[in-house]
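Scroll down for the structure; my scribbles are underneath it.
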Amino acid sequence: MTTSSGATPALHGFSVQGAHALPEAVRSNVMANTLVVAEVGCDPLFGADYSERVSDEIALSLLDFVKERPEAAELLRDRTFARVLH
């Protein structure tokens with residue numbers, strides 16, 4: 001994954017889920033094997049715009065990674081990635 005902790009200093013962690021995380025109205029329009037960046041935890045001092053930007057960067061990194069290694073999608077689904085465990 002290309003999103004590095006140095007580029008996203010306020011990122012605490014994120015969750016990757018399957019299409020089931022999407023609202024039902026949207027779910028019918030996506031492929032069953034879709035990955036969704038469902039939750040992104042960032043330091044609140046950085047603001048909502050920062051969280052959205054980081055979420056987009058994670059999504060693009062996941063897309064690139066899964067294009068290179070399609071078998072990884074199944075391993076990434078329903079996982080939480082944390083920088084530090086408390």
Side-chain angles (χ1 to χ4, degrees):
M1 303 254 306
T2 59
T3 300
S4 69
S5 59
T8 55
L11 176 64
H12 295 278
F14 62 94
S15 172
V16 178
Q17 297 183 6
H20 66 277
L22 295 169
E24 193 167 332
V26 176
R27 200 177 313 147
S28 61
N29 296 323
V30 299
M31 296 173 33
N33 63 348
T34 296
L35 293 178
V36 177
V37 178
E39 298 176 27
V40 176
C42 291
D43 187 323
L45 294 175
F46 282 71
D49 289 341
Y50 179 85
S51 294
E52 288 181 35
R53 182 177 60 82
V54 169
S55 181
D56 290 346
E57 289 178 15
I58 293 168
L60 288 173
S61 292
L62 284 173
L63 179 63
D64 290 343
F65 184 67
V66 171
K67 279 183 178 178
E68 290 178 20
R69 307 217 30 196
E71 69 279 7
E74 195 60 38
L75 298 172
L76 293 168
R77 186 176 290 107
D78 297 325
R79 303 276 182 192
T80 297
F81 299 89
R83 176 171 287 165
V84 177
L85 293 175
H86 296 278

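One hydrophobic cluster, built from ILVMFWY side chains closer than 4.5 Å, holds both I58 and F81. L11 and F65 fall within a single hydrophobic cluster, where Ile, Leu, Val, Met, Phe, Trp and Tyr side chains are chained together by heavy-atom contacts under 4.5 Å. Note on V66: it clusters hydrophobically with V16, by side-chain heavy-atom contacts below 4.5 Å among ILVMFWY residues.
Closest non-hydrogen pair, Q17 versus A21, comes out as OE1-CB, 3.0 Å. Closest non-hydrogen pair, G18 versus V36, comes out as O-CG2, 3.6 Å. When every heavy atom of S55 is checked against every heavy atom of V37, the shortest pair comes out as OG-CG1, 3.9 Å.
Contact annotation: the side chain of R83 approaches that of T8 to within less than 4.5 Å [non-hydrogen atoms, C-beta and beyond].
Among residue pairs with one or both ends in residues 36-59, those qualifying as ring-ring contact (aromatic ring centres under 6.0 Å, His included) are F46-Y50; sequence neighbours excluded. Under the salt bridge (charged side-chain N to carboxylate O under 4.0 Å, His left out) criterion, no residue pair touches residues 17-45, with sequence neighbours excluded.
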Show me the donor-acceptor pairs within less than 3.5 Å that the side chains of residues 71-80 make with the rest of the protein, sequence neighbours left out.
residue, atom, partner, partner atom, Å
E71, OE2, R69, NE, 3.0
E71, OE2, R69, NH2, 3.1
E74, OE1, R77, NH1, 2.8
R77, NH2, N33, O, 2.7
D78, OD1, H20, NE2, 3.4
R79, NE, L75, O, 2.9

